[in-house]
Amino acid sequence: MSKPIVYFTKEITPDSLVKIYEKLSPKLEGRIGVKISTGEPGGHNYLKPELIGKLVKHLNANIVECNTAYPGRRNTFKEHLKAIEEHGFTKIATVDLLDSEGEFDIPVKGGKHLDVDIVGTHMKNYDSFLNLAHFKGHAMGGFGGVLKNQSIGFGSSNGKAYIHTAGTSRDVNHLWDQIAEQNAFLESMAEAAKAVKDYMKGKILYINVMNNLSVDCDCDSHPEDPCMKDIGILASTDPVAVDQAAIDKIWSSTDSGRDHFIARVERQNGRHILPYAESIGLGSREYELVEID
């Protein structure tokens, strides 16, 4: 079997996002949702509307998101929609909170922690998705790329609780009392990401934007400033390959902030998600990197 291709460009612009998307095949069709993180107010590293707007319009897509599972301004629909407007996303597209009218279970196949993944009912309204992730560090996962964006990101508030507790509790009110052992949490993220891919019958494409490389996630209202220079954009039809490629870009970097970023990933054993995701059939850690510059 041939290795999946991961396309790479050092240029991070609206035009380069469209260009790298156009390298992927087959193209997304029907009603398309672009899954991003809308960013917790106070933070400033999330993907900006000025960067992603051209691609979203190119796809004639909606931006899609779900509520969070922690206190803040995105854990209720009213406040989340205000934050979305403040961050400028409503100027470039319709923004659809997938769990705004409820949630439903989709099956997890081949997992050892989750039997289902809990997602928003509006997911039923889409034919395909672009998983458009800001690659960065993460306080719990070590790093966040397309796998996190497709697992935690697609989960409803209760779905996020179910992943964080490795299938122990659906109750967001008791989430922080029942956080799973770290590897079980990472494995649960991989299982949830695979459930989304399976449900959509693979009609998802993946892009990691490696800019504003902070060790903290866009869910943090007071993230640490970026510790590394921007690297570029990676795109693939394979979610494991594109996250592995991003990690490889970090590990091979000569940037002075590299060690600080790696320390965050290693503290949380973040790379564990990659071999586990591969083992359950979500994708491949081996890939062919194709530069398009």
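For this chain, numbers begin at 1 and follow the sequence in order. Any value given below was found using the heavy atoms of this structure, including those in side chains, with hydrogens, waters and symmetry copies removed.
- Remark: the backbone N or O of G142 is not paired with any side-chain donor or acceptor of R264 at under 3.5 angstrom.
- If you take CG on L147 and CG on L274, they are separated by 6.5 Å, rounding to the nearest 0.5 Å.
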Output a table of donor-acceptor pairs, distance under 3.5 Å, between side-chain atoms of residues 28-36 and any protein atom two or more places apart or on a different chain; print 'none' if there are none.
from, atom 1, to, atom 2, distance (Å)
K35, NZ, E65, OE1, 3.3
K35, NZ, N149, OD1, 3.0

Quick one, S37 with D218, criterion side-chain hydrogen bond (donor to acceptor under 3.5 Å, both in side chains). Give me CA distance, side-chain angles, the key distance, then yes/no. CA-CA 7 Å; S37 169; D218 299 335; 4.6 Å; no
Open item on the list: Between E85 and K82, does the salt bridge (Lys or Arg N to Asp or Glu O under 4.0 Å) criterion hold? Intermediate values first, please.
Closed with: CA-CA 5 Å; E85 184 173 5; K82 285 183 182 178; over 6 Å; no
Please set out all donor-acceptor pairs under 3.5 angstrom arising from side-chain atoms of residues 204-211, sequence neighbours excluded.
from, atom 1, to, atom 2, distance (Å)
Y206, OH, Q150, OE1, 3.3
Y206, OH, Q150, NE2, 3.3
N208, OD1, V146, N, 3.4
N208, ND2, V242, O, 3.2
N208, ND2, D243, OD1, 2.8
N211, OD1, H134, NE2, 3.4

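- Side chains of K197 and L282 form a contact here, defined as non-hydrogen atoms less than 4.5 Å apart.
- In this structure, D225 contributes its side chain and S214 its backbone to no donor-acceptor pair below 3.5 Å.
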- [ ] Might you work through the ring-ring contact (aromatic ring centres under 6.0 Å, His included) test for F261 and F143, ending with a clear yes or no?
- [x] CA-CA 9 Å; F261 196 102; F143 74 91; 8.4 Å; no
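- In this structure the side chain of R271 reaches within 4.5 angstrom of the side chain of V265, judged on heavy atoms.
- Of the listed residues (D171, D117, D115), just one forms a side chain to side chain donor-acceptor pair (under 3.5 Å) with Y162, and that residue is D115.
- Donor-acceptor pairing under 3.5 Å is lacking for the side chains of E11 and T9.
- In this structure, K148 NZ and M140 CE are separated by 10.5 Å, a value rounded to the nearest 0.5 Å.
- Of the possible donor and acceptor atoms, one in the side chain of D238 sits under 3.5 Å from a partner among the backbone N and O of S284.
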Less than 3.5 Å apart, which donor and acceptor atoms pair up between the side chains of residues 53-60 and the rest of the protein, not counting sequence neighbours?
from, atom 1, to, atom 2, distance (Å)
K54, NZ, D15, OD1, 2.3
H58, NE2, E22, OE2, 2.6

Margin query: Could you walk me through whether I292 and F8 satisfy the side-chain contact (heavy atoms from CB on, under 4.5 Å) test, starting with their C-alpha distance in whole Å, then the side-chain angles of each, then the deciding distance to 0.1 Å, before giving a yes or no?
Written below: CA-CA 6 Å; I292 67 170; F8 174 68; over 6 Å; no
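- There is a side-chain donor-acceptor pair under 3.5 Å between N183 and N269.
- Exactly one of H80, E86, H87 qualifies for a side chain to side chain donor-acceptor pair (under 3.5 Å) with T38. That residue is H80.
- A 4.5 Å side-chain heavy-atom check between P14 and E50 finds every atom pair outside the cut-off.
- A donor-acceptor pair under 3.5 Å is absent between the side-chain atoms of S253 and the main chain of K249, judged by distance alone.
- No more than 12 heavy atoms of other residues, nucleotides or ligands lie within 6.0 Å of NZ in K10, so this atom counts as exposed by the packing criterion.
- Y21 places a side-chain heavy atom less than 4.5 Å from the side chain of K27.
- With respect to R285 and E278, a salt bridge is recorded, a charged nitrogen being found less than 4.0 Å from a carboxylate O.
- Under the 3.5 Å distance criterion, the side-chain polar atoms of D255 are matched with a main-chain donor or acceptor of G257.
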- request: May I have the step-by-step check of side-chain contact (heavy atoms from CB on, under 4.5 Å) for E103 and C66, ending in yes or no?
  value: CA-CA 10 Å; E103 61 191 25; C66 290; over 6 Å; no
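- Using a 3.5 Å distance cut-off with no hydrogens or angles, the side chains of Y276 and E191 do pair a donor with an acceptor.
- Checking E187 against H272 by side-chain atom types alone, a donor-acceptor pair falls below 3.5 Å.
- Remark: K48 qualifies as a cation-pi partner of Y46 under the 6.0 Å distance and 45° angle criteria applied to the six-membered ring.
- Between C227 and L213 there is no side-chain heavy-atom pair separated by less than 4.5 Å.
- When side chains are defined from C-beta on, H122 counts as touching S100, because their heavy atoms get closer than 4.5 Å.
- Between S188 and L114 the shortest heavy-atom distance is O-CD1, 3.5 Å.
- Looking only at distances, no side-chain donor or acceptor of Q178 sits under 3.5 Å from a matching main-chain atom of T165.
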Please evaluate residues E224 and H260 with respect to the criterion side-chain hydrogen bond (donor to acceptor under 3.5 Å, both in side chains), reporting the C-alpha separation (whole Å), side-chain torsions for both, the decisive distance (0.1 Å), and the verdict.
CA-CA 11 Å; E224 185 179 299; H260 183 52; 2.6 Å; yes
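- More than 12 non-hydrogen atoms from other residues, nucleotides or ligands lie less than 6.0 angstrom from CD of E266.
- Between I152 and M189, some side-chain heavy-atom pair lies under the 4.5 Å cut-off.
- In this structure, the side chains of V196 and M123 come closer than 4.5 Å at one or more pairs of heavy atoms.
- Formation of a donor-acceptor pair under 3.5 Å by the K160 side chain with backbone atoms of N67 is found in this model.
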